[in-house]
Amino acid sequence: MATILSSNERNKPVSDEQAMHDVMALLDEWQAPEPSPWFDGRMMARFREEQQRAPEGWFARLRYRMQFGNPIGYRPVLAGATALLLLAGGGSYLELSHMHQAPATSTSRTLQDLQVLDNNDQAIQQMDQLLDSDDNNSNSGSAL
């Protein structure tokens, strides 16, 4: 087994390589303890108990699978869940942003027609004024 080092040897600086060799030498000398003769029997009894136990709920199974399962297999599920969250968040944002807009006022068709006629009448009046002012300017220019 390992020798006990004196205090001077413990305080002596040792390179990392030498320390690694010392550790490996100690591990080579170490003898693993033998398992007890009842280990296999108790292990198999416990294994049978776990097999006969009632299945747990889906949430507990999901939790165990997430804790101890292979994380690479969950990438598609995680990507899908993230996409659903983004869609739900974006949809909620759009819905909330449209809720704050004032509702469009609906005008009757008759009112729209009257507004169009009024705009046309104003345009005709402006054209008449322009034509009258051109006639007055041309008449006053010829008199000179």
> I'd like to know if F59 and M66 are part of one continuous hydrophobic network [Ile/Leu/Val/Met/Phe/Trp/Tyr, side-chain heavy atoms within less than 4.5 Å].
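Yes, because M66 and F59 connect within a single hydrophobic cluster, where side-chain heavy atoms sit under 4.5 Å apart.
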> With R53, which residues qualify under salt bridge (charged side-chain N to carboxylate O under 4.0 Å, His left out), at least two apart?
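So R53 forms a salt bridge (charged side-chain N to carboxylate O under 4.0 Å, His left out) with E50, E56.
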> Would you please name every residue forming a side chain to side chain contact (heavy atoms under 4.5 Å, CB included) with Q51, sequence neighbours left out?
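For Q51 the side chain to side chain contact (heavy atoms under 4.5 Å, CB included) partners, ignoring immediate neighbours, are F47.
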> State which residue, out of M24, E17, Q18, fulfils the side-chain contact (heavy atoms from CB on, under 4.5 Å) condition with M20.
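Per the side-chain contact (heavy atoms from CB on, under 4.5 Å) rule, the option paired with M20 is M24, out of M24, E17, Q18.
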> How far does CZ of R63 sit from CZ of F68, to the nearest 0.5 angstrom?
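Here the interatomic distance stands at 9.0 Å.
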> Roughly how far apart are S15 OG and D22 CG, rounded to 0.5 Å?
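These two atoms lie 8.5 Å from each other.
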> Check the pair I124 / D128 against side-chain contact (heavy atoms from CB on, under 4.5 Å), numbers first and verdict last.
CA-CA 6 Å; I124 290 172; D128 286 342; 3.9 Å; yes
> Hydrogens and angles aside, do Q115 and N119 bring a side-chain donor and acceptor to less than 3.5 Å of each other?
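No.
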> Is it the case that atom CG in D118 sees more than 12 heavy atoms from other parts of the structure closer than 6.0 Å?
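Correct, the count exceeds 12.
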> Check the surroundings of atom CD in Q112: do more than 12 heavy atoms from other residues, nucleotides or ligands lie under 6.0 Å from it?
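Buried by this count: over 12 neighbours within 6.0 Å.
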> Got a second to check how far Q67's CD is from L62's CG, nearest 0.5 Å?
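Between atom CD of Q67 and atom CG of L62 there are 10.0 Å.
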> Drop me the distance from D121's CG to Q126's CD, to the nearest 0.5 angstrom.
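Separation between the atoms: 10.0 Å.
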> Using residues 73-96 as the side-chain source, report each donor-acceptor pair under 3.5 Å to any protein atom, sequence neighbours left out, with the distance given to one decimal.
unit_1 : atom_1 : unit_2 : atom_2 : d
Y74    : OH     : R65    : O      : 3.1
T82    : OG1    : L78    : O      : 2.8
S92    : OG     : A88    : O      : 2.8

